[in-house]
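Single-structure report; data block below.
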Amino acid sequence: ARRGVQFMVCGTASRGISRRIAGDGGDAEAVFKEMEGHLISNARIVSAGVVGVTRAQEYGFSYLFVG
């Protein structure tokens, strides 16, 4: 982060996780807002993470997933 890295958080995945955390009858939107409010300082939520990755690849960056 100190070197200027910007982090993108997938909004689609975050909303799915917030629904799972909230459970049946819970307030998924409140959970999402709390998650959003506790991101690291240089992170931002994007509508779809795959769009951000694709955009970065257009500028010569690469994506690597191990798992």
Side-chain angles (χ1 to χ4, degrees):
R2 287 178 288 222
R3 294 183 178 182
V5 174
Q6 296 180 13
F7 295 93
M8 295 181 292
V9 178
C10 179
T12 303
S14 295
R15 289 195 180 278
I17 291 167
S18 67
R19 283 192 297 274
R20 280 183 245 138
I21 291 171
D24 294 335
D27 189 349
E29 187 61 27
V31 173
F32 178 80
K33 290 294 181 190
E34 184 171 347
M35 289 169 50
E36 184 178 38
H38 289 87
L39 296 175
I40 59 175
S41 63
N42 57 338
R44 64 188 175 108
I45 294 182
V46 296
S47 59
V50 69
V51 174
V53 170
T54 302
R55 198 74 142 120
Q57 288 175 329
E58 290 174 0
Y59 289 93
F61 293 92
S62 59
Y63 172 73
L64 175 67
F65 174 78
V66 178

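Along the sequence shown, residues are numbered consecutively beginning with 1.
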Distance-only check: which donor-acceptor pairs under 3.5 Å involve side-chain atoms of residues 23-36, not counting sequence neighbours?
{"from": "Asp27", "atom 1": "OD1", "to": "Glu29", "atom 2": "N", "distance (Å)": "3.3"}
{"from": "Asp27", "atom 1": "OD1", "to": "Ala30", "atom 2": "N", "distance (Å)": "3.2"}
{"from": "Glu29", "atom 1": "OE1", "to": "Arg15", "atom 2": "NH1", "distance (Å)": "2.9"}

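- Residue Phe61 belongs to a hydrophobic cluster whose other members are Tyr59, with links defined by side-chain heavy atoms closer than 4.5 Å.
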Without placing hydrogens or testing angles, list every side-chain donor-acceptor pair under 3.5 Å for residues 39-58, not counting sequence neighbours.
{"from": "Asn42", "atom 1": "ND2", "to": "Val5", "atom 2": "O", "distance (Å)": "2.8"}
{"from": "Thr54", "atom 1": "OG1", "to": "Val50", "atom 2": "O", "distance (Å)": "2.8"}
{"from": "Arg55", "atom 1": "NH1", "to": "Glu58", "atom 2": "OE1", "distance (Å)": "3.4"}

